[in-house]
Amino acid sequence: MSKYPFSEIEKRWQRFWDENNTFRVTEDPSVPPEKRRYVLDMFPYPSAAGLHVGHPEGYTATDIYCRFLRMRGYAVLHPMGFDSFGLPAETYAIQTGTHPRTTTEANITRFREQIKSLGFSYDWEREVSTHDPDYYRWTQWIFLRLWEKGLAYVDEVPVWYCEALGTVLANEEVISTPDGPRSERGNHPVERRPVRQWMLRITAYADRLLEGLERLDWPESIKTMQRNWIGRSEGAQVRFPLADGSGEIEVFTTRPDTLFGATYMVLAPEHPLVDRLTTNENRAAVEEYRTKAKLKSDMERTELSREKTGVFTGGYAVNPVNDEQIPVWISDYVLVSYGTGAIMAVPGHDERDFEFAQAFGLPIVRVVAPVDTPDPTAALTEAMPEPGIAVNSGPFDGLQTDEFKQRIIAWMEERGKGTRAVNYKLRDWIFSRQRYWGEPVPMIDCGGEFVPVPDADLPVRLPEVENYKPSGTGESPLAQVDEWLYTECPDGSGRKAKRETNTMPQWAGSCWYYLRFLDPGNDREPAAREKIDYWMPVDLYVGGTEHAVLHLLYARFWHKVLYDIGVVNTDEPFTRLVNQGMILGEGGVKMSKSLGNVINPDDIVAEFGADSMRMYEMFMGPLEIAKPWSTNGLAGVHRFLDRVYRLSERTVVDDAPPGELVRLLHKTIKKVTEDTDSLAFNTAIAQMMIFVNELFKVETHHRALWEPFVLLLSPYAPHLGEELWTKLGHEPSVSSVDWPVYDPALTIDEEVTIVLQVNGKVRSRIRATAGSSPEDLERLAREDARIREWTDQKEVVKVISVPDKLVNIVVR
RNA sequence: GCGAGAGUGGCGGAAUUGGUAGACGCGCCAGAUUUAGGAUCUGGUGCCUUCGGGCGUAAGGGUUCAAGUCCCUUCUCUCGCACCA
């Protein structure tokens, strides 16, 4: 389609960059700290499908920004690597017998080639892959530090287990069917079964993870999502003695002021006290309910069944504030995983409890009344969760909700009936998987006691296995590798011991990769402190919203722990975060294999070139928003680059260029500089197009116009940039040339258009010298023939004259 | 349901502190080139019009000389969370 030989140009410069290590960066102490930048992309999982068009979007944005920063004299750290542990490679291994390492490394090779084909300026000497033993050695090392700090522990956690597949399944691998939950693969029945898991005590950092958000330059929506995920709520822990004196039920409530309205209690079906509370005549019903709840998937328990269900246990508890006996029920609207797994039900002031009480005919008592009409006897036709004035609450009647909360907590604390408490939705992180393709947890089971593998013995390498099928017992395939499994206890006792067979989840490697980029070859520590001090924290982190919560929260958690033990210099890793918007298919629908509208970057590079691909993705719209792909739009950008190339074939002359074009050049430098700096690439490109359109109209090709333009273009279309720069007789690389500067005086027009309005409507336009006084403009406006037609015979009430903008004459 | 964000031509999208709405690109139209390809160049292109002008930034109201921009009400869409006591 075009004359411009992009294919040849792009290959040539990619080879040049590779051979010359153009983008290698070192820790040069002469660069002052304010001239250093760490710009990070979220590294990809090297899937078998290869790069999709979403990857180059964020990568191009950071690449343009990095090239821009370098030309402005910054030392820029800009690395790339691979998040290479993960389930797909293991699933493929189970199906084909191919080692996950083999597929993973082949995929990495392909990804690296694809990424390089787009001309990104990474320092490839810093590349890391999380599945590399030299890398995961330090992932294991960090795990041991977590263990030492008491942040790693073992617990039994109910997870989906499939008897037929002999393996543990993730939530998304379980589907709900009329016959109960089934495995997505094979449609076998599955059930929840407690499995021994390694846990990380992220909840210990909940408050710091919350507070840290305040200081971050992140999108507000992401911060909100993290806050909601952590879900801090303040209230009280209250003890309700069992009526038979055999124990007590502890509940968490944010509304201790409604204690007098607690007319029954509800336990989660899985709550350990259910057995003890259940009377013989209720046992059958309770057991049946519990069995059904066990089979419901999370989805069913939340989305599908809005209608409240439950069973009475037959047992009673005593309300600690008024000594009334209240019945204890079980229901799946109470979650075992939140709070204590039990609630006091206040149907008068909680919508869920109200619904439940109505369904089962339980008493509803008003204990809060609206402030303006505090009638204690007014009936409740629906729950009233809003604060108000206490009623029917004995000695506390008349108190406002907030004050009541404080008073009742103090009252309970004095009597040992309850305490002030804070609860989080955030739960401890299940940090193990019963899988092969992950970092082995570096612990050794010495007869029921876990002993850490000594640092010197790291990494605990993945052994070669014969097959990748699950063990059949729910354990990892590693449990079948006897020569790896059995070892000596590292405590010096010499007793026989077994290695931990669980591996870490995929999140582990990505929790700290940004640190390894600082010092990828270090065999004494994750990264040298001086390198951390030189570059950290990350100044700009760009990636998709899909990692808004988990990856970013886990990485922040690890970073804070590393900060606490003195490994890193700040307690937050990523100063500024930008989320790129999703690229949709043509027509605004999602890109998906099933719709057949997936765009393959390789095809685009082959047909239009990497520079066109890069520039088009930046020209589509603002980086942060979702936007649909358009091959016509891509062709438009390609056409622009083709025009640039054809301009470059004109003979350059050293004559002084016309003043108008010099002004346009300076305006262009200003616009491109400011927009690139603020990541507004779409408008920067628009300005370059305007400039080129104008250059195209004049015959003479002025060096003084063309050279600065080539520099402006070079971060966007780096291959073409290098080509044109050398064509102008310069040595490569253009990437180390100084960014052009503009003269502010030349960015302002000498003559401007002034809009003349009558009563706010545009009636005429005149040209005037820039900076003309309001008085002069008003005079010119009144002299204007068109304006006089509109103002004749009218009374001028007011004249607004804004320099360089408009004159508005208000008439009556 | 709750939270966040967004509604501008046929389409993607531009519009400092309120001051020419629709930059730039796509598409479309016309002309020029006579061109083996999704070519190139120039110009035009919000809607209506009795050619004076009128109307236009989701809808309605308000503030102002002036509103895409500020305020109120409503609607729609996208994303996230979703019985969290």
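The figures here come from the full heavy-atom set of this structure, side chains too, leaving out hydrogens, waters and symmetry mates. Chain letters run A, B, ... following the sequence lines, proteins first and then strands; every chain starts at 1.
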Presence of [X] side-chain N/O under 4.0 Å of [N] phosphate oxygens OP1/OP2:
X	N	answer
R786(A)	G53(B)	yes
R763(A)	G54(B)	yes
S233(A)	A85(B)	yes
N693(A)	G25(B)	yes
K798(A)	C65(B)	yes
K761(A)	C55(B)	yes
R643(A)	U40(B)	no
R639(A)	A39(B)	no
R646(A)	C41(B)	yes
N682(A)	A14(B)	yes

Can you tell me how far [atom2] of [N] sits from [atom1] of [X], to the nearest Å?
X	N	atom1	atom2	result
E351(A)	G1(B)	CD	C1'	9 Å
F354(A)	G1(B)	CZ	P	19 Å
E674(A)	A23(B)	CD	P	21 Å
I800(A)	A66(B)	CD1	P	8 Å
M582(A)	U78(B)	CE	P	12 Å
Y424(A)	C81(B)	OH	C1'	20 Å
I685(A)	A14(B)	CD1	P	12 Å
D257(A)	A85(B)	CG	C1'	13 Å

Grab the two heavy atoms, one from N808(A) and one from N759(A), that are nearest each other, plus how far apart they are.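 Minimum heavy-atom contact is OD1-N, 3.5 Å.
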
Closest non-hydrogen contact found for F356(A) with G310(A) is CE1-CA, 4.0 Å

The glycosidic conformation of G52(B), counting syn as within 90° of 0 and anti otherwise, is syn

Check your understanding: Is G9(B) in the syn range, within 90° of 0, or in the anti range?
Key ->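 Because its glycosidic torsion lies within 90° of 0, G9(B) adopts the syn conformation.
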
Sorted by chain and number, sequence neighbours left out, side-chain hydrogen bond (donor to acceptor under 3.5 Å, both in side chains) with R663(A) holds for none

Side chains of [X] and [Y] only: does a donor on one sit below 3.5 Å from an acceptor on the other?
X	Y	result
T419(A)	Q237(A)	no
T203(A)	D428(A)	yes
Y4(A)	S648(A)	no

message = Using only modelled atom types and a 3.5 angstrom limit, is any donor from either the side chain of N808(A) or the base of C65(B) paired with an acceptor on the other?
response = yes

Here the side chain to side chain donor-acceptor pair (under 3.5 Å) pairs for residues 608-634 of chain A, sequence neighbours left out, are E57(A)-K627(A), D63(A)-R614(A), D611(A)-H719(A), S612(A)-H638(A), W629(A)-T631(A)

With a 4.0 Å cut-off on heavy atoms, is [X] in touch with a base, just the backbone sugar-phosphate, or nothing at all?
X	result
A548(A)	nothing
I690(A)	sugar-phosphate
F640(A)	nothing

Writing each nucleotide of RNA chain B 5' to 3' as (, ), [, ], | or . by Watson-Crick or G-U pairing under 3.5 Å yields (((((((..(((......[....)))((((((.......))))))(((....)))..(((((..]....))))))))))))....

Give me the distance, rounded to whole Å, that separates [N] from [M] when you measure between the [atom1] atoms they each carry.
N	M	atom1	result
A4(B)	A21(B)	C1'	28 Å
C55(B)	G61(B)	P	14 Å
G9(B)	U45(B)	C1'	10 Å
A6(B)	A58(B)	C1'	11 Å

Go through [options] for me and flag the one nearest to the [X] side chain.
X	options	result
D332(A)	C83(B), C24(B), U42(B)	C83(B)
F619(A)	G12(B), A85(B), C26(B)	G12(B)
T253(A)	G25(B), A85(B), G80(B)	A85(B)
K308(A)	C83(B), C65(B), A85(B)	C83(B)

Exercise for the section: Tell me, yes or no, whether the heavy-atom count around R227(A) atom CZ, taken from other residues, nucleotides or ligands under 6.0 Å, exceeds 12. Expected result: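 Enclosed: over 12 neighbouring heavy atoms sit under 6.0 Å from CZ of R227(A).
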
Point to revise | Pairwise 5' ranking along RNA chain B for M689(A) and I625(A), keeping only the more 5' one | key: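 Upstream on the strand: I625(A).
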
Note: for R255(A) and T753(A) on RNA chain B, the residue whose nearest nucleotide lies more 5' is T753(A)

